[in-house]
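Only one structure is covered here, and it is reproduced in the block below.
Letters A, B, ... mirror the listed sequences (proteins, then strands); counts begin at 1.
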Amino acid sequence: MTIQETIRGIVENAVSKAQTLNELPDIPLEEITIDRPQNPEHGDFASSLPLKLTKVMKVPPMIIADKVTSHIEIKGPISKAAVTNPGFINLFVDSDWLASQVELIIKSGDKYGNSARGSNTHIQIEFVSVNPTGPLHVGHARGAVFGSALAEILMASGYKVHREYYFNDAGSQIQKFYSSLYARYMQLFGREELVPEDGYQGQYMVELAKDIKRDLGAKYHAMTREDAVSELGREGINRMVETAKSDMQILNVSYDTWFEEKSLFSEGQYDRTMKLLSESGYLTEKDEATWLKSTSLGDDEDKVMVRRNGIPTYFATDVAYHYNKFLERRFDRVINVLGADHQGHARFMKAVPLAIGINPDRLNLIIYQLVTLKRGQDSVRASKRSGQMETLKDLVDDVGPDACRFFFLSRSPRSQMEFDLDLAKKQSSENPVFYIQYAHARICSILKLAEKNSIDYSNGNVALLQHKGETSLIKKMLEFPEIIQSVSETLEPHHLPHYSVELSTMFHWFYESCRVVSDKPQDVEITKARLKLVEASRIVLNRCLKLMLMSAPTEM
RNA sequence: GCCCCUGUAGCUCAGGGGAUAGAGCAACUGCCUUCUAAGCAGUGGGUCGCAGGUUCGAAUCCUGCCAGGGGCGCCA
């Protein structure tokens with residue numbers, strides 16, 4: 001249980017006690033909100049509950065506040081409860097209780113902040129899922145960072161998380177890729193082959209053809225055109241997938257499954273899905289094509305499932321994919337992370353669970369806004385088909401995986417962000433990421449010194465931690481489990497990097513105001529107590545960095 | 001035209017019903033004989049796009065308008 005939940009329970013008890021004694025009207029309560037006031041005079045926690053209850057209870061807020069506060073027991077975490085105008089209840093945390101929490105953090109170790117909220121819930125999270133017809137660009141980096149960090153945090157909350165990358169390896173775009181690659185390959189042998197008008201024109205296709213020629217020579221030149229297109233194409237797609245995998249790796253992103261779209265046909269999901277949809281009456285024929293009546297499920301237009309030429313659309317495979325996720329692999333929840341360029345797909349996606357008889361609440365769609373790049377004065381749009389493009393790899397090579405992850409993760413997915421390439425490079429040593437990592441390195445350096453001096457602080461008395469620099473740091477550390485919990489509920493991981501900065505600030509401040517390792521004989525006890533605090537800080541900050549999939553350097 | 005997202009300090013962004021709106025960067029002033037100065041302390045900087053509305057209370061919710069980004073294929 002987090003501290004906030006403990007406090008909420010205390011207030012809740014006080015209210016019901018007042019109700020039992022008929023001091024307040026006995027009406028059912030909604031969830032009680034507990035805030036952390038920014039003004040320290042208003043305590044460590046505050047509740048505006050009386051202001052909210054005044055209307056339904058028909059009692060002035062200050063009276064409610066008085067009655068509730070009189071039943072708040074001054075013990076455990078609470079040292080003082082006060083009422084302030086116009087009807088707030090302010091709660092102050094007991095400093096001895098606070099100091100004792102350091103022991104708990106050390107005892108929890110790398111499990112501090114974990115919870116069992118998600119136990120027995122299987123979540124599948126799908127992110128990036130770029131088709132292997134082009135390189136990954138900076139926008140995909142945003143999705144990758146978001147999805148991978150969210151997955152880590154959900155795991156900390158006890159969910160069973162399955163990370164998945166879905167890619168299209170069949171269909172018309174793949175055919176275009178095949179013929180584009182064939183043309184580039186044959187051009188290397190002096191043949192006048194043209195890349196199709198609507199094909200993939202990018203320079204990377206030339207490079208890909210060169211690589212294949214270098215590794216496999218004229219192998220495909222000797223084949224019939226038909227064989228060459230498909231075999232060379234497959235070789236090309238395989239290489240593109242490998243590149244995507246290595247791009248994910250350099251960003252510290254790993255997956256449990258790379259899911260091939262074509263398996264939906266070979267494994268039968270497509271057929272079973274169409275049968276289910278047909279039996280439920282969601283399919284209809286029009287203009288020689290098969291349509292899904294998705295408007296009846298909230299979509300703004302019906303969608304073609306099978307084209308006039310008999311080939312299924314991506315709408316059909318998407319339904320089959322979710323049929324597989326929900327009905328075959330039986331995930332309790334599914335999270336799909338999409339770029340804003342796919343937002344038109346969102347309304348349809350929300351209809352998909354309904355079409356296969358699944359509660360739509362089990363599907364979460366997260367749409368992140370696009371990344372624009374700025375180089376000098378010029379804004380560059382990240383788009384796969386335009387010529388100019390900053391690839392994910394170029395970006396990571398430039399600013400490093402840690403800075404890249406921190407920068408993307410700090411932004412809420414709904415805000416479109418401008419990535420100033422020049423600034424990112426220039427700032428690389430003034431970046432907030434170093435602020436956090438530096439705090440971690442400082443911590444480790446203190447612990448190293450203690451070890452060198454053979455200080456055994458296992459019997460340190462944390463009750464001695466009463467300095468403002470110490471208590472502020474402990475308070476901040478106690479917020480960590482709340483951050484994990486709130487990110488797991490709201491699916492908004494950007495709070496974690498912000499918290500990490502705040503925690504680092506508290507540590508740096510403690511470091512400046514409290515000398516830890518001291519040689520003076522009279523400081524033996526406080527040194528040991530502070531070393532425990534430093535160890536606890538290491539645990540929490542290290543967890544932050546690890547959950548963000550960033551490195552936690554022990555020296556810098 | 002319709003749909004989605006955004007508009008907060010010079011810049012990049014948090015805060016998304018509660019008390020005096022925050023951080024980083026940039027600018028300015030101090031602080032290293034002591035565990036890492038990639039740090040700390042301090043100063044300046046705001047009609048929270050505009051206008052109405054709801055509320056005891058609005059940066060936050062609702063409506064309209066303005067501005068920016070994205071989406072409206074039998075492409076994925």
Side-chain angles (χ1 to χ4, degrees), chain A residues 33 35 37-39 41-42 46-48 51-52 54-55 61 84-88 90 129-131 133 166-168 171-174 176 198 261 287-291 300-301 303-309 311-318 339-347 367-370 372 374 379 381 384 407 410-420 423-424 426-427 429-439 441-450 452-453 494-495 497-498 501-502 504-505 507-509 511-519 527 530-531 534 555-556:
Chain A
T33 58
D35 306 312
Q38 39 189 329
N39 185 340
E41 287 175 24
H42 296 143
S47 180
S48 58
L51 291 163
K52 296 197 166 88
T54 184
K55 201 172 214 173
T84 47
N85 272 314
F88 290 101
N90 297 144
S129 293
V130 177
N131 282 339
T133 51
Y166 173 83
F167 63 95
N168 179 306
S172 59
Q173 291 304 318
I174 299 299
K176 278 179 200 166
D198 56 351
E261 183 191 34
D287 301 336
E288 299 167 62
T290 306
W291 296 69
D300 43 12
E301 54 183 10
K303 295 290 192 294
V304 172
M305 300 295 274
V306 184
R307 299 177 178 91
R308 226 172 288 154
N309 61 13
I311 298 173
T313 63
Y314 75 97
F315 296 114
T317 48
D318 250 354
D341 52 341
H342 288 76
Q343 69 182 238
H345 200 41
R347 207 180 279 266
I367 296 167
Y368 63 90
Q369 297 301 309
L370 297 186
T372 43
K374 210 173 95 184
S379 279
R381 241 188 58 204
K384 189 156 54 171
F407 192 81
S410 308
R411 270 73 176 154
S412 151
R414 59 177 178 274
S415 74
Q416 64 200 46
M417 53 183 290
E418 187 160 89
F419 203 119
D420 188 326
L423 192 67
K426 195 173 70 186
Q427 272 191 351
S429 65
E430 287 291 328
N431 209 297
V433 63
F434 293 96
Y435 183 79
I436 301 167
Q437 293 182 322
Y438 184 62
R442 263 187 164 174
I443 288 170
C444 292
S445 149
I446 294 172
L447 295 174
K448 211 176 291 170
L449 179 70
K452 193 179 134 213
N453 294 1
H494 66 276
H495 294 115
H498 289 278
V501 171
E502 292 171 13
S504 302
T505 298
F507 180 79
H508 286 308
W509 192 51
Y511 178 92
E512 298 291 334
S513 49
C514 302
R515 172 80 200 183
V516 180
V517 179
S518 165
D519 294 335
T527 290
R530 283 178 176 163
L531 281 169
V534 173
E555 56 187 33
M556 285 173 75

Check your understanding: When you check the phosphate oxygens OP1 and OP2 of B:C56, does a side-chain N or O of A:Lys55 lie under 4.0 Å from one of them?
Key -> yes
Practice item. Evaluate whether the aromatic ring of A:His42 and the six-membered ring of the B:A19 base sit under 5.5 Å apart, centre to centre, with an inclination under 30°. Key: yes
Review point. Do the side-chain N or O atoms of A:Tyr368 get closer than 4.0 angstrom to the phosphate oxygens (OP1, OP2) of B:C4?
Key: no
Point to revise | Polar side chain donor-acceptor pair, A:Ser48 to A:Lys52, under 3.5 angstrom | key: yes
Review point. When you compare B:U8 with B:C50, how far apart are their C1' atoms, in angstrom units rounded to a whole number?
Key: 15 Å
Practice item. Could you tell me whether the side-chain ring of A:Phe88 sits stacked on the base of B:A19, using a centroid cut-off under 5.5 Å and a plane angle under 30°? Key: yes
Review point. With both distances under 3.5 angstrom, what nucleotide forms a Watson-Crick or G-U wobble pair with B:G18?
Key: B:C56
Point to revise | Contact under 4.0 Å: A:Arg442 side-chain N or O vs B:A37 OP1/OP2 | key: yes
Practice item. Indicate, with a heavy-atom threshold strictly under 4.0 Å, whether A:Ala450 touches base, sugar-phosphate, or nothing. Key: nothing
Exercise for review: Please give the nucleotide sitting opposite B:C50 as a Watson-Crick or G-U wobble pair, both distances under 3.5 Å, or none.
Suggested key: B:G64
Exercise for review: Record whether the side chain of A:Arg414 comes under 3.5 Å of the base of B:G16 through a donor-acceptor pair of N or O atoms.
Suggested key: yes
Review point. Does the side chain of A:Tyr435 come within less than 4.5 Å of A:Val501's, by heavy atoms?
Key: yes
Review point. Can you check whether A:Trp509 has a side-chain N or O nearer than 4.0 Å to OP1 or OP2 of B:A41?
Key: yes
**Study point:** Under-4.0 Å side-chain N/O to phosphate OP1/OP2 contact, A:His494 with B:G15
**Key:** yes
Exercise for review: Would you please classify the geometry between the A:Phe507 ring and the A:Tyr511 ring as parallel, tilted or perpendicular, with 30° and 60° separating the classes?
Suggested key: tilted
Exercise for review: Mind checking side chain to side chain contact (heavy atoms under 4.5 Å, CB included) for A:Asn168 and listing every partner two or more places apart, or none if nothing turns up?
Suggested key: A:Asn131, A:Ile174, A:Glu261
Review point. Side chains of A:His345 and A:Asp318: is there a donor and an acceptor less than 3.5 Å apart?
Key: yes
Check your understanding: What is the base-pairing partner of B:G10, counting Watson-Crick and G-U wobble geometry with both distances under 3.5 Å?
Key -> B:C25
Review point. Would A:Ser412 and A:Tyr368 count as having a side-chain donor-acceptor pair, cut-off 3.5 Å?
Key: no
Check your understanding: Does B:C28 fall in syn (glycosidic angle within 90° of 0) or anti?
Key -> anti
Review point. With stacking defined as ring centroids separated by under 5.5 Å and planes differing by under 30°, is A:Phe434 stacked against B:A38?
Key: yes
**Study point:** Pairing partner of B:G45 (Watson-Crick or G-U wobble, both distances under 3.5 Å)
**Key:** none
**Study point:** Side-chain donor/acceptor contact of A:His345 with base of B:A76 under 3.5 Å
**Key:** no
Check your understanding: With a 3.5 Å cut-off and just heavy-atom distances, do the side chain of A:Gln343 and the base of B:G70 make a donor-acceptor pair?
Key -> yes
Review point. Which part of the nucleic acid does A:Cys444 contact within heavy-atom distance under 4.0 Å: base, sugar-phosphate only, or nothing?
Key: nothing
Exercise for review: Ignoring the backbone of A:Asn131, work out which of B:A76, B:C35, B:G69 is nearest its side chain.
Suggested key: B:A76
**Study point:** Among B:C75, B:C5, B:C35, the one nearest A:Tyr511 by side-chain distance
**Key:** B:C35
Review point. Any side-chain N or O of A:Gln38 less than 4.0 Å from the OP1 or OP2 oxygen of B:A19?
Key: yes
Practice item. Compare the minimum distances between each of B:A76, B:G18, B:A19 and the side chain of A:Ser48, then state the nucleotide with the smallest one. Key: B:G18
Review point. Counting only side-chain N and O atoms of A:Ser415, is one of them less than 4.0 Å from OP1 or OP2 of B:A14?
Key: yes
Check your understanding: OP1 or OP2 of B:G73 sitting under 4.0 Å from any side-chain N/O of A:Tyr314?
Key -> no
Point to revise | Who pairs with B:G39 - Watson-Crick or G-U, where each distance is under 3.5 Å | key: B:C31
Review point. What's the closest nucleotide to the A:Gln416 side chain, out of B:G70, B:A37, B:G69?
Key: B:G69
